[in-house]
Amino acid sequence: MGIVSTIERALTRESNRSDETAETGTKSTGAYWCDDCNVRVRNVDVEAEGLDRDDEGTPVCPDCGTSMRFERSHADGCAC
């Protein structure tokens with residue numbers, strides 16, 4: 001195997017990063033934030049984190065108990 005084919009494979013291989021796809025295979029579309037505590041939880045991780053929800057179904061901050069804000073950021077294809 002040559003250096004060119006090694007580099008080509010490395011550049012074209014699909015990423016295995018967990019921030020792109022959760023274990024369920026669902027792509028993240030954003031994250032819930034608590035502005036007071038600076039707590040961030042990706043939308044695909046809410047259930048796994050075991051967060052409670054308010055009456056409207058919005059996750060509540062595990063630290064202070066207030067409803068979290070949903071935010072999307074797709075600048076580089078990642079909901080970070």
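What's counted below: heavy atoms across the whole structure, side chains too, no hydrogens, waters or symmetry copies.
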Open item on the list: Test of understanding: with salt bridge (Lys or Arg N to Asp or Glu O under 4.0 Å), list the residues that count as partners of R53, not counting sequence neighbours.
Closed with: E47
TODO: Provide the full list of ring-ring contact (aromatic ring centres under 6.0 Å, His included) pairs with a residue in residues 41-72, sequence neighbours left out, each pair given once.
DONE: Y32-F70
Task: Residue list, side-chain hydrogen bond (donor to acceptor under 3.5 Å, both in side chains) with D55, at least two apart or on another chain - done: none
- [ ] Using side-chain hydrogen bond (donor to acceptor under 3.5 Å, both in side chains) as the criterion, list what pairs up with T58, not counting sequence neighbours.
- [x] none
Open item on the list: Using every non-hydrogen atom in the two residues, find where V60 and G65 come nearest and quote the distance to one decimal.
Closed with: CB-O, 3.8 Å
Open item on the list: List the residues meeting side-chain hydrogen bond (donor to acceptor under 3.5 Å, both in side chains) with D63, not counting sequence neighbours, and say none if there are none.
Closed with: none
Open item on the list: Counting C-beta onward and ignoring hydrogens, is there a side-chain heavy-atom pair between W33 and M68 closer than 4.5 Å?
Closed with: no
Open item on the list: So, taking the atom named SG in C34 and the one named CZ in R40, what distance separates them when rounded to the nearest 0.5 Å?
Closed with: 14.0 Å
Open item on the list: So, taking the atom named SG in C61 and the one named CG in D52, what distance separates them when rounded to the nearest 0.5 Å?
Closed with: 11.0 Å
Task: Gap between atom CG of D54 and atom OG of S67 - 0.5 Å precision - done: 3.5 Å
Task: Which atom of V44 lies closest to which atom of S28, heavy atoms considered - done: CG1-CA, 3.9 Å
- [ ] Please check if the side chain of N43 supplies one atom and the backbone of T29 the other of a donor-acceptor pair under 3.5 Å.
- [x] yes
